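Accompanying notes for the structure given below.
Since we're looking at a predicted model, the values are computed, not measured.
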Amino acid sequence: MNDPRTTVVVITHNRRPELLRTLDRLAELPEQPEVFVTDNASTDGTSTAVALRHPQVRLVRPGRNLGAVGRNLAVRRVRSPYVAFCDDDSWWAPGSLSAAADLLDRYPALGAVTARIVVEPDGTEDPIVEELRTSPVPGPSWLPGPALGSFLAAATVLRTEAFRRAGGFHPRLWLGGEEELLAADLAADGWWLSYAEDLTVHHHPSVVRDHTRRRHDGIRNTLWFTWLRRPVRPALRRTLHLARTVPRDSVSLKAFAEAAAAWPWIVRERRVLPPGVERRLRALEDSQRTSKARRYTG
């Protein structure tokens with residue numbers, strides 16, 4: 001069932017064993033997708049190992065760790081109409097890429113579709129799946145599932161051209177909730193985002209994780225997105241909510257300080273979202289206040 005409609009893009013940094021496992025799984029997919037790997041300056045022999053074990057994979061080596069922007073570099077080389085992201089510790093289930101492409105073929109205004117996430121090795125659903133399944137974001141009745149206000153990069157298939165026109169991932173955000181800004185810009189361009197229950201991604205969380213940096217960057221990126229795109233009152237309300245709810249420690253303090261120091265370029269780049277997109281975000285924000293799912297800001 002070779003299906004050339006979707007290309008898979010993976011970013012990695014010093015996770016050679018996990019990446020090779022992911023590439024093994026992707027190589028077994030019936031769709032046989034083209035796969036790009038952006039090696040964000042790994043020092044553990046990642047590129048050499050990939051070239052030897054998976055010579056068909058197209059390697060992108062920027063020479064430094066670009067975080068999420070490594071995906072942008074790969075997407076520039078993608079020739080298929082759709083691009084699927086996954087992390088070096090996650091992989092798509094057989095048939096899901098073709099099913100996602102079918103949905104994007106069928107619905108011309110659908111910009112991205114997000115899959116159900118199954119956490120390995122136990123095979124349990126990620127807690128955030130219930131949020132996706134019960135998303136309060138208002139959307140048209142033709143959507144194949146609930147409308148979403150954002151997406152999870154490791155579990156989403158997007159239209160390649162929509163991604164490019166929206167500018168891809170912002171170069172300053174690096175990693176940690178970097179999807180929120182891109183999702184809002186896609187919505188502002190007229191695209192809808194949706195969850196699709198029949199699509200599945202498997203996630204086997206890597207043991208190589210810097211949780212402290214990820215939380216720091218997640219708080220900072222949430223603030224930057226809020227100040228870049230939200231109207232004044234919602235932006236102030238969300239900023240105060242974060243200040244009240246994030247852990248009161250040095251990590252949070254440094255994140256707020258770094259976010260505030262960026263105010264000059266924030267002012268230059270600020271572009272408030274259309275009212276319809278803002279209404280979707282407010283509905284999503286209200287529901288998240290009672291959520292117990294994992295977040296980079298908590």
Side-chain angles (χ1 to χ4, degrees), residues 2-11 26 29 31-38 58 60 68-87 90-93 95-117 132 135 137 139-171 173 178-201 225 229 271 273-274 276-277 280-281 284:
N2 189 293
D3 190 339
R5 291 177 294 173
T6 304
T7 300
V8 178
V9 167
V10 186
I11 56 173
L26 294 177
L29 293 179
E31 293 95 332
Q32 292 294 291
E34 185 172 37
V35 178
F36 282 82
V37 170
T38 299
R58 301 188 64 180
V60 180
V69 176
R71 299 186 186 113
N72 296 358
L73 297 185
V75 175
R76 290 176 192 171
R77 297 161 169 81
V78 168
R79 295 166 295 181
S80 60
Y82 311 130
V83 58
F85 295 124
C86 64
D87 286 342
S90 65
W91 58 90
W92 288 85
S96 286
L97 292 178
S98 285
D102 289 344
L103 292 175
L104 292 165
D105 282 351
R106 190 176 308 144
Y107 302 107
L110 183 62
V113 60
T114 296
R116 186 175 68 101
I117 303 168
L132 302 175
S135 171
V137 175
S141 59
W142 58 260
L143 282 175
L148 301 179
S150 187
F151 65 90
L152 299 158
T156 298
V157 180
L158 302 93
R159 293 185 186 275
T160 306
E161 193 55 34
F163 177 91
R164 289 172 178 155
R165 288 183 180 178
F169 293 102
H170 195 288
L173 270 58
E178 72 277 4
E179 302 97 334
E180 193 170 25
L181 179 57
L182 175 57
D185 288 345
L186 286 168
D189 286 345
W191 298 105
W192 287 94
L193 317 177
S194 180
Y195 169 70
E197 182 76 20
D198 293 338
L199 312 181
T200 300
V201 161
F225 162 70
R229 294 291 183 266
R271 187 175 73 248
L273 293 167
V277 179
R280 294 183 222 170
L281 292 182
L284 178 63

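Considering every non-hydrogen atom in both Ala183 and Ser150, the closest pair reads CB-CA, 3.6 Å. Gly168 approaches Leu182 most closely through the heavy-atom pair O-CD1, 3.5 Å. Here the closest heavy-atom approach between residue Leu103 and residue Pro144 is recorded as CD2-CB, 3.8 Å. Of all the heavy atoms in Leu273 and Ala188, the pair that sits closest is CD2-CB, 4.1 Å. Summarising the geometry of Ile117 relative to Ala155, their closest heavy-atom pair is CG1-CB, 3.8 Å, with the distance given to 0.1 Å. Between Ser80 and Thr7, the shortest heavy-atom distance links the atoms OG-OG1, 2.7 Å.
The list of salt bridge (charged side-chain N to carboxylate O under 4.0 Å, His left out) pairs with a residue in residues 190-200, not counting sequence neighbours, reads Arg133-Glu197.
The main-chain N or O of Ile11 is never found under 3.5 Å from a side-chain atom of Thr38 such that the two would form a donor-acceptor pair. Checking side-chain atoms of Glu31 against main-chain N and O of Leu97 turns up a donor-acceptor pair under 3.5 Å.
Looking at heavy atoms from C-beta onward, Leu26 lies in side-chain contact with Cys86 at the 4.5 angstrom threshold. Taking 4.5 Å as the limit, some side-chain heavy atom of Val157 sits within range of a side-chain heavy atom of Thr6. A 4.5 Å side-chain heavy-atom check between Asp185 and Arg229 finds at least one atom pair inside the cut-off. In this structure, Glu179 and Phe169 have side chains that are in contact, with non-hydrogen atoms separated by less than 4.5 Å. Using a 4.5 Å cut-off on side-chain heavy atoms (C-beta onward), Ser135 and Leu148 make contact. Put simply, the side chain of Asp105 reaches to within 4.5 Å of the side chain of Tyr82, judged on heavy atoms. At a threshold of 4.5 Å between non-hydrogen side-chain atoms, the residues Asp102 and Arg5 count as touching.
For Arg159, there are no side chain to side chain donor-acceptor pair (under 3.5 Å) partners at least two apart in sequence or on another chain.
Between atom NE2 of residue His170 and atom CG of residue Leu181 there is a gap of 6.0 Å, rounded to the nearest 0.5 Å. One distance of note links CG of Leu158 with CG of Leu104; it measures 8.0 Å at 0.5 Å rounding. To the nearest 0.5 Å, the span separating CZ on Arg79 from OG1 on Thr160 amounts to 11.5 Å. Rounding to the nearest 0.5 Å gives a distance of 11.0 Å between CD of Gln32 and CG of Asp3. Asn72 contributes atom CG, which lies 11.0 Å from atom CZ of Arg164 (distance to the nearest 0.5 angstrom).
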Item to complete: For Leu143 and Tyr195, run side-chain contact (heavy atoms from CB on, under 4.5 Å): C-alpha distance rounded to whole Å, both residues' side-chain angles, the deciding distance at 0.1 Å, then the answer.
Response: CA-CA 9 Å; Leu143 282 175; Tyr195 169 70; over 6 Å; no
Discussion item. Is there a side-chain contact (heavy atoms from CB on, under 4.5 Å) between Arg76 and Phe36? Walk through the geometry before answering.
Written reply: CA-CA 11 Å; Arg76 290 176 192 171; Phe36 282 82; over 6 Å; no
Item to complete: Show the numbers, then the answer: is there a side-chain contact (heavy atoms from CB on, under 4.5 Å) between Leu193 and Leu186?
Response: CA-CA 8 Å; Leu193 317 177; Leu186 286 168; 4.3 Å; yes
Item to complete: Would you please test Val60 and Arg77 for side-chain contact (heavy atoms from CB on, under 4.5 Å) and show each step?
Response: CA-CA 10 Å; Val60 180; Arg77 297 161 169 81; 4.0 Å; yes
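With salt bridges taken as basic N to acidic carboxylate O contacts below 4.0 Å, one links Asp87 and Arg71.
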When the side chains of residues 106-114 are checked against the rest of the protein, which donor-acceptor pairs come out under 3.5 Å, sequence neighbours left out?
residue	atom	partner	partner atom	Å
Thr114	OG1	Thr156	OG1	2.8

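Taking the six-membered ring wherever Trp is involved, the centroid distance between the rings of Phe151 and Phe85 does not fall below 6.0 Å.
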